[in-house]
There are 2 protein chains.
Amino acid sequence: MSLFSKTCEYALRAVFYIASKTADGSKVGIKEIARNVNSPEHFLGKILQDLSRKGILDSAKGPNGGFFLHPKSLKRPIADIVSAVDGDNVFTGCALGLAHCSERNPCPLHHEFKKIRNNIAKMLTATTIGQFNKELTLGKILLKEV
Amino acid sequence: MSLFSKTCEYALRAVFYIASKTADGSKVGIKEIARNVNSPEHFLGKILQDLSRKGILDSAKGPNGGFFLHPKSLKRPIADIVSAVDGDNVFTGCALGLAHCSERNPCPLHHEFKKIRNNIAKMLTATTIGQFNKELTLGKILLKEV
DNA sequence: ATAATAAAAGATATTTTTGTCTTTATTTTT
DNA sequence: AAAAATAAAGACAAAAATATCTTTTATTAT
């Protein structure tokens, strides 16, 4: 398994792309986004619609329309995207899938896994949507296969 | 998402159960296992067959048959189970799902995620199949919902 | 030998995730 | 006002994961 669903992977890649392209106030269309993050266009469209409904990003119809991020949104943690798409399982779920696993009722992996979960949460709340804009523009990091 | 597939969660829970029940050389049937780890019997049966084929556990047909673990197997890391069931994505996969993500071609999360992946790998190789036997017997840790 | 037991295997079903295609609604430009 | 561009929405399809049911095979006990 992977940490995130494929849907969430697409969402994160797309949001990073949108961030790096629209920090200047412009907009970017779904076709371009999909092409640049290697994801199926219409499927990604729905994902972004959903994020748009949830207030994580914005969109405008019509000519010169597209998706974009408000400057304020660039400061948001990517944890917001992950929980919007995948829910909070990655932040709170049991490694063995037990719904009632807890401090009082631990599964075998509980104590060790808690540390890992916390590291994941820390990373996801510490990294922001906009923090890679520069490196993305410079091509130092990638959002699609080369 | 969760770290492991549901299949893998069942596998881990079942193997822990088998370990705690057969360290004395006895065997335990699929019905009892499924009941005690809250998993669908036939589905779990296939998972255990697979682990059996892969040499992680053993089984015997007929009366007094069942699944069991050789004492040696109790020393194996649970990483063996995870990679047998889920493959090695959890050990090596990119957080954003990029197949070619690497040190030279990193995705935005690569460097931070590498640390997390390493912690996960460390945990999975450090914890053994048999290490919870005592606590399981004492009921201090659980493999099913209460 | 026969009957009973239990895992192995096979066939099929359901659910969830992922993906595609078509139509509609909105906005901008001309 | 008309045309063009673009996201939104809806219907549908394919693939993968999860689950069930039935039959077969191997083993043991009687």
Side-chain angles (χ1 to χ4, degrees), chain A residues 1-15 17-18 21-22 26-35 37-69 85-87 89-90 96-97, chain B residues 1-15 17-18 21-22 26-35 37-69 82 84-87 89-90 96-97:
Chain A
M1 287 293 268
S2 29
L3 194 59
F4 308 127
S5 67
K6 205 150 201 189
T7 303
C8 189
E9 291 171 354
Y10 289 152
L12 287 166
R13 305 211 306 256
V15 166
Y17 185 80
I18 298 168
K21 285 290 179 178
T22 70
S26 58
K27 294 166 197 141
V28 59
I30 184 67
K31 277 203 186 65
E32 176 182 338
I33 302 168
R35 202 177 337 111
V37 305
N38 259 179
S39 77
E41 180 185 327
H42 294 284
F43 187 52
L44 182 59
K46 312 232 152 165
I47 298 168
L48 297 185
Q49 280 165 39
D50 185 50
L51 291 179
S52 171
R53 263 184 250 109
K54 289 177 175 161
I56 288 172
L57 46 76
D58 275 272
S59 66
K61 290 182 178 180
N64 306 316
F67 293 93
F68 60 100
L69 282 157
V85 176
D86 277 353
N89 197 275
V90 74
L96 299 187
Chain B
M1 288 293 268
S2 30
L3 194 60
F4 307 128
S5 68
K6 205 152 200 189
T7 304
C8 189
E9 291 172 354
Y10 290 152
L12 286 166
R13 305 211 306 256
V15 167
Y17 184 80
I18 298 168
K21 285 290 179 178
T22 70
S26 57
K27 294 166 197 141
V28 59
I30 184 67
K31 278 203 185 65
E32 175 182 340
I33 301 168
R35 202 176 338 111
V37 304
N38 259 179
S39 79
E41 180 185 326
H42 294 284
F43 187 52
L44 181 59
K46 311 234 151 165
I47 299 168
L48 296 186
Q49 279 165 40
D50 184 50
L51 291 179
S52 170
R53 262 183 251 111
K54 289 177 176 163
I56 288 172
L57 46 76
D58 275 271
S59 66
K61 290 182 177 180
N64 306 316
F67 293 93
F68 61 100
L69 282 157
V82 172
V85 175
D86 277 353
N89 196 275
V90 74
L96 299 187

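Side-chain atoms are counted along with the backbone in the values below, which use heavy atoms only and exclude waters and symmetry mates. Sequence lines set the chain letters: A, B, ... in the order given, protein chains first and strands last, and positions in each chain run from 1.
- Across all strands shown, the partner of C:dA11 is D:dT20, judged by Watson-Crick or G-U wobble contacts whose two distances both fall under 3.5 Å.
- Atom NZ of A:Lys27 and atom C1' of D:dA5 are 13 Å apart (whole Å).
- Checked by atom type and distance alone, the side chain of B:Arg35 never pairs as donor or acceptor with a backbone atom of B:Glu41 at under 3.5 Å.
- The separation between A:Ile47 atom CD1 and C:dT17 atom P is 13 Å, rounded to whole Å.
- Distance NZ (B:Lys54) to P (C:dA8): 14 Å, rounded to an integer number of Å.
- For the pair B:Phe43 CZ and C:dA9 P, the computed distance is 16 Å after rounding to whole Å.
- Remark: side-chain polar atoms of A:Ser26 are paired, donor with acceptor, to backbone N or O of A:Lys21 under 3.5 angstrom.
- Between B:Asp86 atom CG and D:dA17 atom C1' there is a gap of 11 Å when expressed in whole angstrom units.
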Report task. Dump the intermediate steps for side chain to side chain contact (heavy atoms under 4.5 Å, CB included) on A:Val37 and B:Leu96, then the final yes or no. Result -> CA-CA 10 Å; A:Val37 305; B:Leu96 299 187; over 6 Å; no
Report summary line: In B/S/- notation (B base, S sugar-phosphate only, - none; protein heavy atoms under 4.0 Å), nucleotides 6-11 of chain D written 5' to 3' is BBBBBB
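- Under a 3.5 Å cut-off, the side chain of B:Thr22 and the backbone N or O of B:Leu69 do form a donor-acceptor pair.
- A:Glu9 has its CD atom 8 Å from the P atom of C:dT18, to the nearest Å.
- Taking 4.0 Å as the cut-off between side-chain N and carboxylate O, A:Asp50 and A:Lys54 count as a salt-bridged pair.
- Between the side chains of B:Ser5 and B:Asp86, a donor-acceptor pair is found at a separation under 3.5 Å.
- B:Ser2 places no side-chain N or O within 3.5 Å of a backbone atom of A:Asn89 that could act as its donor or acceptor partner.
- In terms of phosphate contacts, B:Ser5 brings no side-chain nitrogen or oxygen within less than 4.0 Å of OP1 or OP2 of D:dA17.
- Between the CG atom of A:Asn89 and the C1' atom of C:dT16 there is a distance of 15 Å, given to the nearest Å.
- Atom-to-atom, NZ of B:Lys6 to C1' of C:dT17 comes out at 14 Å; the value is rounded to the nearest Å.
- Taking only side-chain nitrogens and oxygens, B:Tyr10 never comes nearer than 4.0 Å to OP1 or OP2 of D:dT18.
- Counting non-hydrogen atoms under 4.0 angstrom, A:Phe68 reaches nothing in the nucleic acid.
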